[in-house]
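One-based numbering along the sequence shown. One-based numbering, in listed order, for ligands and for the atoms of each.
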Amino acid sequence: MENEARTHVLIVPYPGQGHINPMHQFAKRIVSKGIKATLVVTKFISKSMHAETGKIGVEMISDGYDDGGFTAAVSVDAYLSRFTTVGSETLTEVIKKQQSSGYPVSCVIYDTFIPWALDVAHGFGIQAGAFFTQSCAVNNIYYQFHEGHLDTPESYAAADPTLPISIPGLPPLRPKDLPSFFYAPGYYGAYFKMLLNQYSNLKEADWIFVNTYKELEVEVVEYMAKDSPLRTIGPTLPSMYLDKRIPDDTDYKLNIYKPDSSLCMNWLNEKPNNSVVFVSFGSLAELGVEQMEELAYGLKQSNCYFLWVVRATTEEKLPSKFKEEVSEKGLIVRWSPQLEVLAHPALGCFVTHCGWNSTIEALSLGVPMVAMPQWTDQTTNAKFVQDVWGTGVRVSVDENGIVKREEIEHCIKQVLEGERSVEIRKNAIKWRNLAKEALGEGGSSEKNFDEFISKLTPTPE
Ligand code: UDX
């Protein structure tokens, strides 16, 4: 027992909400096994968090932009390059401090967006586990490109849009089913480089974890796990939704934005079951003014109740007087307790950008989706939502890349009441049950997690 208490895992997410959430949940699961876990966040992020730390320790590193974070950098390239240097130095300091405490670090679990953390851990002779926050399908696509098995983004951008692309472990994809970097060449250069860089030292990782469950992506998981220590450990949802075995006293939230929780939940409590459309585009995506207007009037025309998360930075793009126009049917908030909202019986469907966390949260809670991808991995996730998992419909865009209000209204109706809605709901329940099984006793993700814990914990004499 003494040995067990001395085992200590550092968890180092990339400083973004979509990365902190799943890795925080992973830390909680470690703590629930009686093992010490410390979450390492950047100084800038720590300032905006509304967190109680519970049993999980928190340590700080620097990305080199303590006062402004990512937005203070002149470019994505500049941010990532400074983060690599300053992040490595400050993570080294954090580990040194722990090594001279009563709890030396036994293992560093690092976000694959910051592969330099592996080098820091190995520099101390400490085990390093890679943690992928995106789907296995998406990871495989980047991996295939990294290994030279896919064409250039320029060729996919110019290709016939119906061109079938064949990738091991995946169904045939069209160019626009690939992550957006493959058909918007040049524009997202630094991000694309970062995603490819995930594989720069991956072969040296002692563990590779993916926030997915095997049943959801069985072929690609088996393909990728063939020659690597890749393990599925998802979905990393908090205990209160899926896994009652984790004590609640470690259940806390690390939100960059403060959610309007009671406003949302009180409003939902008054709505009939399966009647509300929840609309959220995650923490990063920014819709343009025209798209905001089309979405606003698409929601209004659907005549459904809707709860729409419009972050403070986007609020000015709402059509003027829209809030007043729809006050009977719609509630617009700056940030929501998304998991609580998705788990609420009033929820009918989720209009989502298909960030991986939002997608896997909706799948695990059995919520049908209208997939409205914006960029990065979201396009691939949307393809799977509609064509592989059958839990939603993907919107069509017009020749200017805009989703028109009629299309939004049509997709919401298809998911809520159209011919396909019965099948969609049935599939949503199927994936929800499989998520629970994966995390339940003897389930695929639970077994992988237990294997990690057992190898981590020194065997008592
Ligand atoms: C980004 C990318 O978009 C995503 O594709 C990638 O896989 C991770 O980084 P983000 O855009 O923020 O993430 O989307 P998403 O992955 O869905 O993560 C958002 C998180 O914030 C989710 O866990 C969601 O539950 C939470 N959230 C969102 C809230 O708690 N409240 C909200 O109102 C909106």
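- Between K300 and E293 no salt bridge is recorded (no basic side-chain N to carboxylate O distance below 4.0 Å).
- Atom CD of residue Q338 and atom CZ of residue F278 lie 4.5 Å apart, to the nearest 0.5 angstrom.
- An N or O contact shorter than 3.5 Å is missing between Q17 and ligand 1 by distance.
- Among all non-hydrogen protein atoms, the one lying nearest atom 12 (O) of ligand 1 is S283 OG, 2.5 Å.
- The shortest contact between atom 29 (C) of ligand 1 and any protein heavy atom is with W335 CZ2, 3.3 Å.
- For atom 28 (C) of ligand 1, the nearest non-hydrogen atom of the protein is Q338 OE1, 3.0 Å.
- For ligand 1, the atoms closer than 4.0 angstrom to any heavy atom of G18 are 13 (O), 18 (O).
- Counting non-hydrogen atoms of other residues, nucleotides and ligands closer than 6.0 Å to CD of E324 gives a total above 12.
- Considering backbone and side-chain N/O atoms, W375 never comes within less than 3.5 Å of an N/O atom of ligand 1.
- At least one heavy atom of N21 lies less than 4.0 angstrom from ligand 1.
- Which of P337, P22, S135, S336 comes nearest to atom 30 (O) of ligand 1 through a heavy atom is settled by distance: it is S336.
- Proximity of a side-chain donor or acceptor of N140 to a complementary backbone N or O of M224 within less than 3.5 Å is not detected.
- The CZ atom of F350 sits 12.5 Å away from the CD1 atom of I412 when rounded to the nearest 0.5 Å.
- Using cut-offs of 30° and 60° for the angle between ring planes, the Y199 and H146 rings count as tilted.
- Heavy-atom neighbours of K329 NZ from other residues, nucleotides or ligands within 6.0 Å: above the threshold of 12.
- Taking every heavy atom of D377 and a limit of under 4.0 angstrom, the matching atoms of ligand 1 come to 4 (C), 5 (O), 6 (C), 7 (O).
- Residue, atom and distance of the protein heavy atom nearest to atom 6 (C) of ligand 1 are Q134 NE2, 3.5 Å.
- With ligand atoms numbered from 1 in the order given, ligand 1 contributes 4 (C), 5 (O), 14 (O), 15 (P), 16 (O), 17 (O) to contacts under 4.0 Å with heavy atoms of G355.
- Considering backbone and side-chain N/O atoms, N381 never comes within less than 3.5 Å of an N/O atom of ligand 1.
- At least one N or O atom of Q378 sits closer than 3.5 Å to an N or O atom of ligand 1.
- The closest side-chain heavy-atom distance from F44 to Y65 is not below 4.5 Å.
- Remark: R334 is not positioned above the aromatic ring of Y257, lacking an NZ or CZ atom under 6.0 angstrom from the ring centre and at most 45 degrees off the axis.
- No more than 12 heavy-atom neighbours from other residues, nucleotides or ligands sit within 6.0 angstrom of CD on E219.
- The nearest protein atom to atom 16 (O) of ligand 1, hydrogens excluded, is given as N357 ND2, 2.9 Å; this is a heavy-atom distance.
- Nearest protein heavy-atom neighbour of atom 25 (O) of ligand 1: E361 OE1, 2.7 Å.
- Among the candidates F132, F452, F449, the single residue satisfying the ring pair (Phe, Tyr, Trp, His ring centres under 6.0 Å) test with F209 is F452.
- Atom CE of M265 has more than 12 neighbouring heavy atoms from other residues, nucleotides or ligands inside a 6.0 Å radius.
- Look at H353 and you'll find a heavy atom under 4.0 Å from some atom of ligand 1.
- Listed by number with element, the atoms of ligand 1 under 4.0 Å from a non-hydrogen atom of S280 are 34 (C).
- Proximity to W356 (heavy-atom distance under 4.0 Å) selects the following atoms of ligand 1: 4 (C), 5 (O), 7 (O), 16 (O).
- From the protein, the heavy atom lying nearest to atom 8 (C) of ligand 1 is H19 NE2, 3.8 Å.
- Of all protein heavy atoms, the one closest to atom 17 (O) of ligand 1 is S358 OG, 2.5 Å.
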